[in-house]
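Quick notes on the structure that follows.
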Amino acid sequence: MFYVQLMDITKLVQKTLTPNEKCIQAIECARILDGKRALRYAAIVINKQEHGVFIFTALRVPCLQPSDLVLESVLPIDGSMRCSAEAPSQQTELRLSLRSPIINVLIEMPKSDPSTLFLAEIKKAKDVYSQVAAFGEPAAIFPWLEKYKRQSTDFNQSSGENPFAEDIFDPLKHMSLDGTNMHVVDTESSRQTTWFQDDMSSLSSSYEHLKPAQKSRSRDSLDKILGGDEDYTDSMETLQWSLGISSGNELPILGKTISSREKIVKKFLTDRELEFTDQHSFRIYCGTWNVNGQSPPDSLHKWMVVEAEPPDIYVVGFQELDLSKEAFIFTDSPKEVEWQKAVKAALHPKAKYLKVKSIRLVGIMLIVYIQAKHKGFIKFIDSDSVPTGIMGIMGNKGGVSIRFTLHNTSLCFVTSHLAAHQDEYERRNQDYKDIMSKTKFKDFSPPLEISEHDIVFWIGDLNYRIDLPIDTVKSYIKKGAHKKLILEDQLYRQLQANSEIFRGFEEGLPNFDPTYKFDSGTDNYDSSEKNRVPAYCDRILWRGPGVKQLRYDSHPQLKISDHKPVSSLFDVGIRVLDDKRFKRVYEDIMKKLDRLENDYLPQIKIDNTELIFKDVKFLESQDQVVTVANVGQIPVEFEFINKLDDQTYCRPWLKATPCKSIIEAGVCCEVRIEVYVDKATAAKLNSGEEKLEDILVLHLTNGKDSFITVSGNYMTSSFGSSIEALIQMHGPIREVPVAELIEIEQPGSLSRVDITKDGGRLYMVPKEIWKMVDFLHKYAMNKDELFQQSGRKSEIPLIRDCLDTGKPEHISESLSVHSVAEAFLVFLESLPQPVIPYEFYTKCLSTSNNLLLSKQLVTSLPGCHKNTFLYICAFLRELLKHSDKNGVDIKFLCSLFGEVMLRPQTPMFTTVSAKDAVVKERRSKLREEESKKAAFMYHFLSNEIEL
């Protein structure tokens with residue numbers, strides 16, 4: 001029903017306005033009234049900093065002169081306006097709802113660029129209003145709209161029916177905002193009356209179509225969740241989101257979808273970046289401290305203020321922020337608030353700082369501040385966390401990262417806490433690999449990795465040790481022979497050997513004493529019976545060009561922890577764009593690209609289009625390389641695309657890296673095709689529901705699609721098999737015929753078993769669980785940090801093969817108890833139906849505060865699940881009897897095994913674009929569920945239960 005206009009409607013609306021008012025956007029639309037559509041024109045009008053939406057009817061179509069327009073409705077774009085945009089994917093129109101205290105308007109617009117612009121302008125107007133209110137400027141009162149309201153037909157129709165239509169209380173009109181001490185902040189409560197509460201996700205996407213600056217919101221920072229009198233609202237990210245600060249060439253996932261041509265131009269610009277950028281020096285402070293669960297001292301200035309001139313950026317990392325057992329399973333920590341306040345108070349007094357972001361993973365926290373004068377040049381803020389503790393889910397070990405782009409240079413900061421103990425350097429190396437490979441900045445498509453940044457700083461308690469006798473180490477310390485110590489340092493030797501561990505990273509030589517381990521409160525090295533060898537556990541490394549280390553210090557005067565804090569100061573070359581030179585380079589690239597595109601078509605050649613993976617095993621990756629060669633004359637872009645009706649480009653056990661790329665003419669790109677079966681995918685492969693078969697569609701922009709077939713055979717495993725099937729297997733799973741395995745994995749298979757006829761029997765619990773529990777009962781009851789320390793990656797496959805093949809008959813006693821403990825937890829997590837089946841999950845939560853009801857619920861479980869649950873609980877009670885030696889805490893076990901044995905069928909996820917209120921509600925619900933699961937387990941670990 002949309003018409004073609006003979007005259008620009010914006011110009012017609014402008015002629016109805018006064019000289020002080022400007023129509024900045026007008027579109028044709030339909031207003032929904034009583035379920036019917038009626039042709040209308042919507043316009044956005046600005047007077048100084050105040051905006052309003054005008055809705056017009058038409059006396060004739062098309063409109064040829066201003067008198068053809070009749071004003072129907074007027075809505076001020078202020079704090080009381082509520083907006084929601086809906087764009088169903090199957091429709092060619094989108095709907096916009098505008099709600100004010102006086103009137104509601106629902107309009108429908110075609111999906112088009114003018115509509116996108118209209119939505120963007122509304123968002124910008126809301127941002128302007130929020131900015132005015134947030135910074136304490138006089139509130140907008142819109143007196144200029146009154147005459148238009150009286151002219152509007154909606155006003156005239158309603159004025160006779162509602163004498164109180166204009167009697168609206170606006171709190172901003174009654175606030176004294178002129179006082180010098182008045183400070184208005186964008187807190188959680190204030191956002192309840194601003195546009196952040198609007199359902200504008202579609203509108204935000206539309207705005208990004210026009211302005212590719214990323215305004216990512218914090219998922220893990222305190223900026224959005226702290227209340228009370230604590231002012232953490234000076235977050236750079238908060239300002240960026242509300243004001244739309246900066247723009248850049250990088251493409252976040254919320255940014256507009258750019259064309260292949262634009263991506264190629266970006267690639268060319270990157271190659272010629274030196275031609276239009278200048279390098280400016282920025283000073284960056286990095287500090288790391290393992291605080292051993294302590295509260296902060298009175299002041300951190302001795303650590304954080306190291307020179308008279310203030311740094312441009314502060315990067316502060318902590319480890320062991322909270323050592324409570326409850327904190328291990330992703331719970332909130334009061335220690336975070338204490339250390340956040342201490343860091344903020346210790347920033348250099350000669351500069352004003354804004355917090356870019358903070359992120360915490362249990363005891364690991366990273367905080368980044370930047371001088372306020374740089375706020376207009378920072379963009380694309382994102383963060384991620386990777387737990388490397390046991391099962392890869394516990395965050396007592398792992399890393400957190402924050403990235404952003406400053407001017408034209410991308411920066412990434414990582415703080416980590418790697419595996420402990422003198423002889424566990426291989427596990428530390430594996431932790432590094434996991435953090436490096438699993439960190440994904442998901443606001444980008446595809447997600448950015450650490451290695452893709454121009455400059456990376458890696459700080460933290462890396463836990464690498466000195467391989468010398470303790471007497472020798474202490475002798476060198478007394479002599480100040482720091483170089484002799486570092487020559488025997490595990491990390492230093494790997495850096496010098498150019499190994500794959502921290503490859504490309506650099507570190508200055510520490511000209512200070514080892515920072516670990518001290519008797520807390522003293523400068524004395526460990527005097528306990530463990531008598532640990534002093535070590536340089538706390539390190540600061542960097543990677544990238546233009547970085548000059550100015551100083552590298554420890555701060556022994558801070559004594560609250562068994563570690564001493566470390567700091568380093570850097571001068572870093574940041575590339576700053578020169579607009580005039582950039583324009584010249586850009587125009588040159590566009591001309592060359594035009595000539596190439598006119599003369600040539602994209603062409604590629606793939607060396608292998610049929611991949612076969614043999615004997616794929618659980619948690620054991622296999623990969624093959626496919627080479628894509630650009631044999632044409634112009635750059636080409638390829639991407640693996642979804643097949644018809646598929647949600648992703650490949651099966652969940654398959655991955656292609658990179659999944660999209662640009663290849664220059666005459667250049668090859670190696671694509672690594674990886675097959676990896678984990679706890680999420682093993683069950684369907686075991687049961688025969690899925691096979692290792694897939695087809696990858698490689699799409700060439702403006703060219704032909706190519707197809708790569710992937711196939712293989714999966715070695716069935718007890719990991720990912722159901723309890724029902726496992727108790728029917730008398731031998732190892734590899735000896736069970738595939739047809740039989742598929743049959744016993746079918747629902748209800750137990751009811752069809754005739755023991756007397758088959759001459760067999762059913763196990764009370766899966767023999768695989770018995771083998772692991774038996775091993776732990778024999779060798780682990782007195783071991784410290786059981787179920788807290790990660791196992792050795794190389795030993796998990798040995799345990800898997802033992803259980804799957806029966807060879808050897810029992811798990812080798814030479815294996816680490818921590819490896820078996822981790823394998824046990826992975827086994828339980830891989831069950832297709834948890835120990836407590838999905839259907840009982842909600843009931844368990846509801847009975848968690850009552851012992852009798854919880855016992856009754858367990859008696860109603862299927863027999864094999866009940867037996868398995870009680871067997872595991874009996875083992876854990878036995879483990880707790882040795883808590884004086886192993887240090888195991890009942891609350892910790894309840895939290896851990898509550899997470900493993902009670903799982904919802906559909907996990908609760910929070911999307912990046914979710915609003916603060918939704919995120920807060922979901923977090924609260926998750927915490928409540930965690931507590932209830934732990935309470936349910938507590939009944940059975942604290943009492944001898946007889947059913």
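The structure displayed is predicted, hence computed values, not measured ones.
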For the residue pair [X] and [Y], confirm or rule out a side-chain donor-acceptor distance under 3.5 Å.
X: Asn686; Y: Thr716; value: no
X: Ser895; Y: Glu930; value: no
X: Asp384; Y: Ser401; value: no
X: Thr681; Y: Asp678; value: yes
X: His421; Y: Gln789; value: yes
X: Gln788; Y: His818; value: no
X: Glu745; Y: Ser722; value: yes

State, with a plain yes or no, whether a side-chain heavy atom of [X] is found less than 4.5 Å away from one of [Y].
X: Ser819; Y: Ile799; value: yes
X: Ile470; Y: Pro534; value: yes
X: Leu692; Y: Leu685; value: yes
X: Gln494; Y: Asn429; value: yes
X: Leu876; Y: Val888; value: no
X: Phe824; Y: Ile769; value: yes

I'd like to know if Arg539 pairs up with Asp489 as an ion pair, taking the criterion as any Lys NZ or Arg NE/NH1/NH2 lying under 4.0 Å from an Asp or Glu carboxylate oxygen.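 Yes, charged N to carboxylate O under 4.0 Å.
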So that I can tick it off, tell me whether Arg493 and Asp467 are bridged by a salt bridge, with the cut-off set at under 4.0 angstrom between side-chain N and carboxylate O.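 Here Asp467 pairs with Arg493 in a salt bridge, since their nearest N and O are under 4.0 Å apart.
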Heavy-atom pair with the smallest gap, counting every atom of [X] and [Y]:
X: Asn463; Y: Ala419; value: CB-O, 3.2 Å
X: Tyr516; Y: Arg532; value: OH-CD, 3.2 Å
X: Met729; Y: Lys767; value: O-NZ, 3.0 Å
X: Leu857; Y: Cys844; value: CD2-SG, 3.4 Å
X: Leu941; Y: Arg877; value: O-CG, 3.3 Å
X: Phe502; Y: Leu495; value: O-CD2, 3.5 Å

Is the number of heavy atoms from other residues, nucleotides or ligands under 6.0 Å of Lys783 NZ greater than 12?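 Incorrect, the count does not exceed 12.
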Mind telling me whether His730 and Tyr763 have parallel, tilted or perpendicular rings, with 30° and 60° as the class edges?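 Ring orientation of Tyr763 relative to His730: perpendicular.
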Can you say whether the rings of Phe869 and Phe936 are parallel (under 30°), tilted (30 to 60°) or perpendicular (over 60°)?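 Plane angle between 30° and 60°, so tilted.
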Examine Trp458 together with Tyr432 and report whether their ring centres are nearer than 6.0 Å.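 Trp458 vs Tyr432: aromatic centres under 6.0 Å.
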Is the Phe787 to Phe897 ring centre distance short of 6.0 Å?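 Yes: the rings meet the under 6.0 Å criterion.
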